[in-house]
Amino acid sequence: MIELRRADAAPLSANLETDPVRRMADAMLHIAGGGRTVDRDAIALMGFSAAEIDRYGVEARDLANARQSGRQSGPDA
């Protein structure tokens, strides 16, 4: 039997990233982490429109590069 109950915690969607630049930077890091080339086609396959790529792509690229550099410049680098 299926029973519908209220969730005690905030719904999962409340924890999702909404900033398009951060979402695109995350997608870029995911693409690069899989060993693939980060280009317009790869970003579009992650669900971003051409207009979003045009508007946020450069800023997202810079953020992704900064995040990646931050990971590589740790104590073991």
Side-chain angles (χ1 to χ4, degrees):
M1 176 183 195
I2 298 174
E3 183 178 326
L4 180 62
R5 291 188 252 171
R6 262 185 197 259
D8 293 332
L12 181 59
S13 62
N15 299 321
L16 295 178
E17 180 61 62
T18 57
D19 178 36
V21 173
R22 289 183 181 172
R23 285 189 313 107
M24 191 177 292
D26 289 342
M28 289 175 171
L29 290 171
H30 180 78
I31 293 164
R36 296 173 23 222
T37 301
V38 180
D39 59 11
R40 292 181 68 84
D41 291 336
I43 298 167
L45 288 173
M46 296 294 285
F48 293 93
S49 69
E52 288 174 314
I53 295 168
D54 289 342
R55 184 169 182 183
Y56 306 117
V58 172
E59 190 176 353
R61 178 205 61 205
D62 294 344
L63 179 59
N65 284 333
R67 286 181 181 172
Q68 192 171 41
S69 294
R71 289 183 194 153
Q72 294 173 352
S73 64
D76 296 333

Checklist entry - Roughly how far, to the nearest 0.5 Å, is CZ of R36 from CG of D41? => result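 The distance works out to 10.5 Å.
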Next on the checklist: Quick check on the hydrophobic clustering: are I31 and Y56 connected, directly or via other members, by side-chain heavy-atom contacts under 4.5 Å?
Outcome noted: yes
Checklist entry - Would a hydrophobic clustering, with Ile, Leu, Val, Met, Phe, Trp and Tyr connected at side-chain separations under 4.5 Å, put V21 with M46? => result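 The answer is yes; both residues are in one hydrophobic cluster.
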Next on the checklist: Quick one, N65 and M28 - any side-chain contact, counting heavy atoms below 4.5 Å?
Outcome noted: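 No - every pair of side-chain heavy atoms lies 4.5 Å or more apart.
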Item to check | Member of I43, D19, L63 meeting the side chain to side chain contact (heavy atoms under 4.5 Å, CB included) criterion with M24 | outcome: I43
Using every non-hydrogen atom in the two residues, find where [X] and [Y] come nearest and quote the distance to one decimal.
X: A60; Y: A25; answer: O-CB, 3.6 Å
X: Q68; Y: L29; answer: CB-CD2, 4.1 Å
X: A42; Y: T37; answer: CB-O, 3.6 Å
X: I53; Y: R40; answer: CG2-NH1, 3.3 Å

Next on the checklist: Tell me whether the count of non-hydrogen atoms from other residues, nucleotides or ligands lying under 6.0 Å of CZ in R55 goes above 12.
Outcome noted: no
